[in-house]
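One structure below.
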Amino acid sequence: MIEETEVRNPRPPLPPPVRRIVVDSPPTVVAPAAVDQSAARPERSPAGPERMTLDSLSVFYGANHAVKEVSLPIRQGEVLALIGPSGCGKTTLLRTLNRLTELTPTARREGTIALDGQDIDLLEVTELRRRVAMVFQQPNPFPMSIFDNVAYALREQSRKRPSKPVVQPLVIDALQRAGLYDEVRDDLERPALRLSGGQQQRLCIARAIATRPEVLLMDEPCSALDPRSTAVIEELIGDLRRDLAIVIVTHNLQQAYRVGDRVAFMYLGDLVEYGPTEQVFGAPRAQRTRDYVGGAFG
Amino acid sequence: MAVAPHTEPLKPLRPPRKRRVNESVRTWRWSDRIALVLCWATGIALCLIAGAIVLYMGVKGLQFLKLDMIFSRPQASADQQGSGGFLDPILGTVLLTLIGIVLATPVAVATAIWIVEYGRPSWLARGVESGIEIVAGTPDIVIAIFGLALFQQGLFSPLSFTAEGGAVFGRSFLTAGAMMSLIALPMVFGATREGLQAVPMHLREASYGLGKTKIATIRRVLLPAVKPNISTGAALGMGRIAGDTAIVVVLLGATLRIDPEGSIPGTNVLRGTGGTLTSYVYNNSPAGEGNAEQKAYAAAFVLLLIVIALNFAVDLIARRGAKTGLESTRLGA
Amino acid sequence: MLDRLREPWSDRRAERTLGALACLVLIAIVLMIVFVAVRAWPSFHHNGLAWFSGRGDIDQQIGVQVNTGANPTRADYTIGAWPLIWGTILTTGFAVVIGVAFSVLTAIFIVEFAPGPLRRLIVPVVRLLAAVPSVIYGLIGILVLVPFVTNHLVGEGRKESVQYVINLSGTGLLVSVVILTVMITPIMIAIIVDALYAVPRGWKEGAVALGVNRWRAMWTVSVRAARPAIIAGAVLACARALGEAIMLSMVSGSKGFAPNPADGITFIFEPLRPLASTIVEDAESLNAPAVQATVYSFALLLLASSFFLSIAAWIAKQSMRKYGVR
């Protein structure tokens, strides 16, 4: 019978089989199997006070609703990792924290962001950016010497230009905290652009922390670097955590697992899930989070 | 990108916008504030000066320009205020510009092609590039008297008037045009070279991959791609030639009328002397002999119009070329 | 032979032909240096190093040379070019210094502070100003600025204070420098604006993200990165100012007089005549050998100056490469 029907009305060809993710057991975290999970993550110190608070933050680029009503706390002593596929709004969210979105004429913001209880809209924007520093994806050291780069913020932010003996110990301290001092100590007057990629990024970190900001924003800081430099910078982030609140945007899930204390997963502008790292990676509440950390989409 | 104060569009049914605090100058250092004031002052001053020049020349030009001046020939008379027009200087400008650009463009394009596509031996290529920069930086008055020294040699006597005793005059449209081509050359060269360097390698590789020789690639692929650049450079060069006075005064004689030399029609004008709008303005100003202010203003106005038109042409070609030039040869676009 | 021209050219032949055309430029330069130097030689030969000094009234010296005609004696070659050299240094120096300052500030204004509609208006205006012929600037100078200075700024008392040495009128250093500055700034502004726009975005964002105000971010990062372009613009402007003959011959007063700074404010009203203007004005009498040697010697000095300018600019740019500023 079936053969007759098939000869008269041949079935249309089947579509290629779809790979389905069968989640009947909690998915394992995508850290390399050889890495001991408890050892992969640095010691967590108890989180400090809440430094920044986002309250129903929305960002529009023209008609495009890039970030949809996100509310998050950012605490000192904690690394907040923002993860999500490309175009989900995590970089936009990061850039609103120091009002860098205002450089784009079509950007519009709604909702409140508070720094130490103060609405950042009511704060002078240069003052805000001194307290909330940023490290970019591409290392961007200025075309000056290493010393001048790190001293740049110290010199330009103050009312009266401080003299070199005043600035020098602060520069050395920043370079030490950034883990770069030993490599460059013999000649600080060298042009900064002659350093390697990883060194340049650490120089940018030193430059950002030289003035002792309260919050450090990092926009995929290791995506342009080789694995060894990446490891060095991740260790650095662990050390810097104590005095700062750090927000790091990364598309590398392993990095988010290694470095982050809390993780916020965003998808197409929505904040899908937020919580401690083990919980988001080990026992995600939302289906979409499960799909993302399980590798179903990227 | 500037950090501009953000103005949000009003949206009904939303909570009232709170005032966003931007950079206030109150937090700046004193030296920064002074610098800001100076920046604004110079910007406004530039606008005022430019406006004043354009308006003044426009007003005076329209006041004194009569249409018959463009079409009537100058007359040498004691009372320059009332007599004649400046047809000859206009023709002189046009002729000189044409000669100059016709001589300059092939040499400049060939040089640019040789430097970008071949360039061997490399010391010669560097030398030629430096040479063009030297020519670009040389004052036009030095080029003018070099031209005089060069074309007064017996070898070049057919180019201009030769006196009975064998002394070559050295001044004619041809000699002046040759030196004008020298000052237009760097502009055409620069524009063409930029255009050639902007052509992506994959266009050339596609042509070689089809088995074309280098010279065929240049003729069929590269030259059409940089046509707008060549035109832009040529328009810039023509602007520079039209505005030059020193070479005209030294090498063209800066006479009131075109004085042909010799008997063969056509070449007799080329071998003869004459004047251009620039030398006409110079002669009629209080610094020259004519001292006829109205004529000077009128001629200067016409000259300004020509230069503005050439500038406008450069813009037009550049904009149109950017849209249709390279895109039309881009593969798969 | 025509058949050989018609067949498709081989690459080697094409390369040789194009190379030969390219060398035309080099030939032209070599010829220029040779011809000018050869004709200038007698003047240097007869004057030696005293050529550079002030040996009296240079207008008188040139007048003597014009009058001697075809057979000058050795003494007729005497010339002391210092007044003209000083005039050139004064006009070019003031114009370039004021021009660079003006251009940098205006370029910063255009890139950073100008409101949108104003910015869109200024950029084509600057390019237009750069294309205006120098004779038009000279015309405005001599018909507008010179009468203004004569009638309003140069008073009787001032004229009397120097009347034994020189006659003051509106033409002179002040008007020359003003118009020369206006002439050379547009091209500098265009070059610097292009360079400021070309500064990599990462640097600008980095500076702003460090909480530095707009002016300081622009000045310490963008302008610093644009320094090679500023130097290139300054050299271009300097070359143009050195070679400006026609406009300056209209407004400088055309007297071979070396303005004396010791005169105080009167100094800026004194007439002068730069080298290039002298060449243009004596171009008619170039057949007399003495005049010819003098005029070509001025031209050789101008040629050497523009050559040294290019070298100096190249050296300055090389030293900036160290810090990664292209």
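Since we're looking at a predicted model, the values are computed, not measured. To find a chain, count down the sequence lines: A is the first, B the second, and so on, and within it residues start at 1.
Note: B:Arg120 leads B:Arg171, B:Arg120, B:Glu133, B:Arg240 in heavy-atom pairs under 4.5 Å with chain C. Among the candidates C:Val36, C:Leu300, C:Val38, C:Val280, the residue making the largest number of heavy-atom pairs closer than 4.5 Å to chain B is C:Val280. For the set B:Ile49, B:Asp140, B:Ile53, the count of heavy-atom pairs under 4.5 angstrom toward chain C peaks at B:Ile53. The most heavy-atom pairs under 4.5 Å with chain B, out of C:Leu128, C:Leu242, C:Val132, C:Leu302, come from C:Leu128. Interface check for chain B: of the options C:Ile33, C:Val144, C:Thr17, C:Leu143, the most heavy-atom pairs under 4.5 Å are formed by C:Leu143. No other option in B:Val109, B:Thr42, B:Ile143 has as many heavy-atom pairs under 4.5 Å with chain C as B:Thr42. Ranked by heavy-atom pairs shorter than 4.5 Å toward chain C, the options B:Ile215, B:Val314, B:Asp32 are led by B:Asp32. Highest contact tally toward chain C, considering only B:Ser31, B:Ala35, B:Gly239, is held by B:Ala35 [criterion: heavy-atom pairs under 4.5 Å]. Each of C:Ile279, C:Ile246, C:Val34 has some count of heavy-atom pairs under 4.5 Å with chain B, and the biggest count is that of C:Ile246. Between chain B and the residues C:Gly243, C:Pro133, C:Ala22, the most heavy-atom pairs under 4.5 angstrom are made by C:Ala22. Among B:Gly243, B:Ala299, B:Ala254, B:Pro106, the residue with the largest count of heavy-atom pairs under 4.5 Å with chain C is B:Gly243.
Here the shortest heavy-atom pairing between B:Gly43 and C:Thr106 reads CA-CG2, 4.2 Å. The minimum heavy-atom distance between B:Val107 and C:Leu21, with the atom names listed, is CG1-O, 3.9 Å. When all heavy atoms of B:Ala300 and C:Leu139 are compared, the closest pair comes out as CB-CD2, 3.7 Å. Closest approach of C:Ala131 to B:Asn311, counting heavy atoms only: CB-OD1, 3.9 Å. Closest approach of B:Ala50 and C:Leu129 over heavy atoms only: CB-CD1, 3.8 Å. Across B:Cys39 and C:Ile108, no two heavy atoms sit closer than the pair SG-CG2, 4.0 Å.
In this structure, the separation between CG on B:Leu46 and CG on C:Leu105 is 12.0 Å, given to the nearest 0.5 Å. Between the OG atom in C:Ser277 and the CD1 atom in B:Ile141 there is a gap of 8.5 Å [rounded to 0.5 Å]. One finds the CG atom of B:Leu36 at 5.0 Å from the CZ atom of C:Phe113 (value rounded to the nearest 0.5 Å). Atoms CH2 and OG, on C:Trp314 and B:Ser130 in that order, are 9.5 Å from each other to the nearest 0.5 Å. Annotation: the span from C:Ile140 atom CD1 to B:Lys60 atom NZ amounts to 11.0 Å, rounded to 0.5 Å. Within the model, atoms CD1 of B:Ile134 and OG of C:Ser310 stand 6.5 Å from one another, a figure rounded to the nearest 0.5 Å.
Both the backbone and the side chain of C:Ala28 have a heavy atom closer than 4.5 Å to some heavy atom of chain B. For B:Val128, the parts lying under 4.5 angstrom from a heavy atom of chain C are both the backbone and the side chain. Heavy atoms closer than 4.5 Å to chain B are found in the side chain of C:Tyr137, but not in its backbone. Proximity to chain B is absent for every atom of C:Arg240, based on heavy atoms less than 4.5 angstrom apart. Neither the backbone nor the side chain of C:Val30 comes within less than 4.5 Å of any heavy atom of chain B. No part of B:Leu310 comes within reach of chain C, as not one of its non-hydrogen atoms sits under 4.5 angstrom from that chain. Contact annotation for B:Asp315: only side-chain heavy atoms (C-beta onward) come within less than 4.5 Å of a heavy atom of chain C. The contact between B:Leu185 and chain C is made entirely by side chain atoms (from C-beta outward), counting heavy-atom distances below 4.5 Å. Contacts of B:Tyr56 with chain C are made by side-chain atoms alone, with heavy-atom separations under 4.5 Å and no backbone atom involved. With a 4.5 Å cut-off on non-hydrogen atoms, C:Ile189 touches chain B through its side chain but not through its backbone.
Residues from residues 144-152 of chain B that place a non-hydrogen atom less than 4.5 Å from a non-hydrogen atom of chain C comprise B:Ile145, B:Phe146, B:Leu148, B:Ala149, B:Leu150, B:Gln152, given in numerical order.
A 6.0 Å sphere centred on NZ of B:Lys212 holds no more than 12 heavy atoms belonging to other residues, nucleotides or ligands. The number of heavy-atom neighbours closer than 6.0 Å to OH of C:Tyr197, taken from other residues, nucleotides and ligands shown, is above 12. Heavy-atom contacts from other residues, nucleotides or ligands closer than 6.0 Å to CZ of B:Arg220 number 12 or fewer.
Using a 4.5 Å heavy-atom cutoff, the side chains of C:Met32 and B:Thr138 are in contact.
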> Taking it one step at a time, do B:Cys47 and C:Leu118 satisfy side-chain contact (heavy atoms from CB on, under 4.5 Å)?
Replying inline: CA-CA 9 Å; B:Cys47 297; C:Leu118 189 60; 4.1 Å; yes
